[in-house]
There are 2 protein chains.
Amino acid sequence: MPGSKSMNVLVRPNIRDAETAISEGILGKMVVLVAGRCRVQYVGRAKSNLEPGERILIIKADGSLLVHRSVGYEPVNWMPGGDVFYNVQAKEQTLQVRAQRKKPAETVNVMFDEIQLVVSLLLSDVGEFSLYASEEDMQRAILLKPDLLEEGFRPISYEKKVAPGFVDVYGEDKDGKFVVVEIKRKTAGKEAAMQLARYIEAVRGRTNREVRGILVAPGTGKDVLRTLAVLGLEYKHLDPRRCAETLTRVRTKKLADFLEES
Amino acid sequence: MPGSKSMNVLVRPNIRDAETAISEGILGKMVVLVAGRCRVQYVGRAKSNLEPGERILIIKADGSLLVHRSVGYEPVNWMPGGDVFYNVQAKEQTLQVRAQRKKPAETVNVMFDEIQLVVSLLLSDVGEFSLYASEEDMQRAILLKPDLLEEGFRPISYEKKVAPGFVDVYGEDKDGKFVVVEIKRKTAGKEAAMQLARYIEAVRGRTNREVRGILVAPGTGKDVLRTLAVLGLEYKHLDPRRCAETLTRVRTKKLADFLEES
DNA sequence: AATTAAATTTCGCCT
DNA sequence: AGGCGAAGTTTAATT
């Protein structure tokens with residue numbers, strides 16, 4: 001039973017053997033690696049052509065396909081996973097791997113005329129992935145410790161829907177003024193300032209109370225501070241990493257409190 | 001001379017041999033593939049942790065690093081290529097591959113406790129990559145055949161700088177009214193409408209002539225047509241693929257004319 | 001070096 | 001199923 005092994009390796013196989021190995025790998029929901037000389041054509045949302053050269057083709061268990069050149073973070077051609085239909089067939093001295101999906105309608109065609117390596121693998125992987133210091137972490141940190149924004153700030157709601165979209169955090173300051181907070185996890189450009197301005201306008205149209213707008217980010221682009229000033233908005237420096245640490249500290253403290261109470 | 005071969009394959013190597021093969025692969029600017037059980041930690045712009053599991057590690061000739069799980073288009077961890085410093089070392093029964101760069105300061109740490117496969121390859125690849133049906137193609141198509149936008153349209157300039165950014169195409173219609181064109185290669189959302197509105201405002205502030213705004217795209221989002229109507233703007237359906245074909249046709253025609261003249 | 005906008009963006013969340 | 005926004009977005013172009 002060739003398909004039951006967790007790893008198959010073919011070094012410089014002939015076209016026929018490569019065809020079989022790749023087909024079985026895809027059918028068996030394995031991860032398939034192919035190294036060889038190929039031409040690649042894509043037709044779908046756009047259209048592309050890649051002239052012959054040596055690349056690495058990866059087909060994953062969910063049907064996703066990647067063609068990688070020898071440099072670059074991004075694949076030169078690809079197909080995201082999902083409902084992808086594969087067709088693998090030897091044609092004389094070439095091997096064609098075609099990936100096709102319906103929505104959006106697109107096709108990637110990889111044509112090998114030389115194959116150096118075919119590997120198929122069954123990867124056993126249930127390890128959890130955790131990411132810290134996202135924009136959501138910053139939001140949660142402010143909600144848990146509002147003083148991170150400013151002393152006396154009290155959150156009322158978050159992800160509140162207003163005219164064009166959602167306000168990240170919404171609350172009031174120590175003087176009872178409404179505060180609209182826009183959070184960015186990295187240096188904020190003028191688009192962020194404009195976004196906040198639009199939210200502010202929407203909120204001001206609904207209340208007679210004074211409304212402040214605060215852009216929270218680890219930094220600002222060149223003219224952003226001036227743009228904010230012109231629009232009557234404010235800026236508060238806040239580092240996403242520090243927010244993540246704050247969250248950890250709060251969680252730890254909560255745990256300590258819990259243990260103490262027990 | 002082990003480093004001079006164009007492909008090395010190690011199946012289930014011990015830690016020491018894997019260390020050597022990976023180090024030499026990186027030093028030799030080869031593409032290195034490693035399949036094995038690993039834990040991955042990232043610290044930099046954010047922070048992440050990936051618990052142990054079987055994955056594929058790819059290190060490319062330019063120093064870029066990818067860690068791929070068995071599913072998904074995107075790598076779970078990565079490092080873009082450039083000035084990346086690598087450290088590969090065996091520690092008892094584990095193998096650590098660390099990638100580090102200065103700007104931005106970040107580190108990816110891949111720790112293997114089991115290695116199924118190590119492959120290093122020298123990929124010979126000079127094949128040209130061509131992409132059609134980009135937004136730029138749409139712009140060029142309109143400039144070459146202005147009737148694609150509307151009968152009688154005459155372009156004056158493109159990528160013209162106005163207040164907040166650049167107008168894609170700028171011209172006048174058969175009645176002498178100014179026309180500002182905003183191009184989107186895919187379904188246009190309300191952001192596109194807003195963008196066009198801002199450009200229109202900027203242009204109107206500079207002239208007494210009537211100014212029309214046309215959003216060009218292969219489709220529109222839900223409320224975009226109504227938003228455009230409210231703002232006094234127009235929509236013109238145009239398919240990026242058709243634009244690309246138009247370009248090809250024009251080029252072919254130009255060539256035919258040239259041959260005829262000769 | 002900083003900024004801006006596009007991308008076959010992908011991905012997740014929510015209506 | 002479509003709309004919306006975030007992403008360790010990356011990448012290329014322009015100042």
Side-chain angles (χ1 to χ4, degrees), chain A residues 40-48 64-67 71-82 99 101 103-108 129 131-139 159 161 164-166 168 182-192 195 218-224 240-241 244, chain B residues 40-48 64-67 71-82 101 103-108 129 131-139 159 161 164-166 168 182-192 195 219-224 240-241 244:
Chain A
V40 186
Q41 289 181 321
Y42 161 76
V43 178
R45 288 167 291 176
K47 199 166 153 181
S48 76
S64 50
L65 174 149
L66 308 164
V67 179
V71 294
Y73 158 84
E74 288 182 328
V76 60
N77 282 109
W78 72 92
M79 178 89 83
R101 68 169 173 173
K103 270 178 47 134
E106 48 189 357
T107 304
V108 175
F129 178 73
L131 178 68
Y132 314 95
S134 62
E135 181 176 312
E136 195 190 340
D137 278 347
M138 293 179 75
Q139 186 185 99
E159 297 299 334
K161 178 146 184 63
F166 293 85
D168 288 338
E182 174 67 30
I183 303 171
K184 292 294 164 199
R185 68 171 305 283
K186 53 177 187 175
T187 305
K190 70 180 69 171
E191 68 187 359
Q195 200 175 335
T220 63
K222 195 70 170 98
D223 292 331
V224 176
R241 295 278 309 274
Chain B
V40 186
Q41 290 182 319
Y42 161 77
V43 178
R45 288 168 291 175
K47 198 167 155 182
S48 75
S64 49
L65 173 149
L66 307 164
V67 179
V71 294
Y73 158 84
E74 291 181 326
V76 59
N77 283 108
W78 72 92
M79 181 87 84
R101 67 168 174 175
K103 270 180 46 143
E106 47 189 357
T107 304
V108 175
F129 178 73
L131 178 68
Y132 314 96
S134 63
E135 181 174 312
E136 195 190 341
D137 279 346
M138 293 180 74
Q139 186 186 98
E159 296 299 331
K161 178 146 183 66
F166 294 85
D168 288 337
E182 173 67 29
I183 302 172
K184 291 296 164 196
R185 66 173 303 285
K186 53 178 185 175
T187 305
K190 69 182 68 170
E191 68 189 359
Q195 199 175 335
T220 63
K222 196 72 169 91
D223 290 332
V224 176
R241 293 280 309 279

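Here the structure is a predicted model, which means the values were calculated and not measured.
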For residues B/Arg45 and A/Lys186, determine if any side-chain heavy atom of one lies less than 4.5 Å from a side-chain heavy atom of the other. no
Are A/Pro240 and A/Pro218 side-chain neighbours, meaning at least one heavy-atom pair lies under 4.5 Å? yes
Partners of B/Tyr132 by ring-ring contact (aromatic ring centres under 6.0 Å, His included), sequence neighbours excluded? none
Among all residues two or more places apart in sequence or in another chain, which pass the salt bridge (Lys or Arg N to Asp or Glu O under 4.0 Å) test with B/Glu182? B/Lys184
Could you list the residues that satisfy side-chain hydrogen bond (donor to acceptor under 3.5 Å, both in side chains) with A/Glu136, not counting sequence neighbours? A/Arg140
With A/Ser48, which residues qualify under side-chain hydrogen bond (donor to acceptor under 3.5 Å, both in side chains), at least two apart? A/Asn77
For atom [atom1] of [X] and atom [atom2] of [N], their distance in whole Å:
X: B/Met138; N: C/dA6; atom1: CE; atom2: P; answer: 12 Å
X: B/Lys103; N: D/dG8; atom1: NZ; atom2: C1'; answer: 17 Å
X: A/Arg45; N: C/dT8; atom1: CZ; atom2: C1'; answer: 4 Å
X: B/Asn77; N: D/dG8; atom1: CG; atom2: P; answer: 10 Å
X: B/Glu135; N: C/dA5; atom1: CD; atom2: C1'; answer: 8 Å
X: A/Glu182; N: D/dG5; atom1: CD; atom2: C1'; answer: 10 Å

Touch class at under 4.0 angstrom, heavy-atom based, for [X] against every strand present:
X: B/Glu106; result: base
X: A/Val224; result: nothing
X: A/Lys222; result: sugar-phosphate
X: B/Gly221; result: sugar-phosphate
X: B/Ser134; result: sugar-phosphate
X: A/Lys47; result: nothing

Taking only residues two or more places apart in sequence or in another chain, which ones pass side chain to side chain contact (heavy atoms under 4.5 Å, CB included) with [X]?
X: A/Val43; value: A/Lys47, B/Arg241
X: B/Gln139; value: B/Leu143, B/Tyr158, B/Glu159, B/Asp168, B/Val169, B/Ile183
X: A/Pro75; value: A/Leu66, A/His68, A/Trp78, B/Tyr73

Might you list the N or O atoms of the protein lying below 3.5 Å from N or O atoms in nucleotides 11-15 of chain C, with each pair's distance?
unit_1, atom_1, unit_2, atom_2, d
C/dC11, OP1, B/Tyr73, N, 3.2

[N] phosphate, OP1 or OP2, under 4.0 Å from [X] side-chain N/O:
X: B/Trp78; N: D/dT10; value: yes
X: A/Lys184; N: D/dA7; value: no
X: A/Arg241; N: D/dG8; value: no

Every stem of 3 or more Watson-Crick or G-U pairs under 3.5 Å that DNA chain C joins, in order of first number, is C:1-7 with D:9-15, C:9-15 with D:1-7
Which of these, B/Val108, B/Thr107, B/Val67, sits in a side-chain contact (heavy atoms from CB on, under 4.5 Å) with B/Tyr42? B/Val108
Selected nucleotide, minimal atom distance to B/Lys186 side chain, candidates D/dA1, C/dT9, D/dT9: C/dT9
From C-beta outward on B/Leu131, which listed nucleotide comes closest to its side chain: C/dA2, C/dT8, C/dA7? C/dT8
Return whichever of A/Thr220 or A/Arg101 has its heavy-atom-nearest nucleotide of DNA chain C closer to the 5' end. A/Thr220
How do A/Tyr42 and A/Thr187 order along DNA chain C: which one's closest nucleotide is nearer the 5' end? A/Thr187
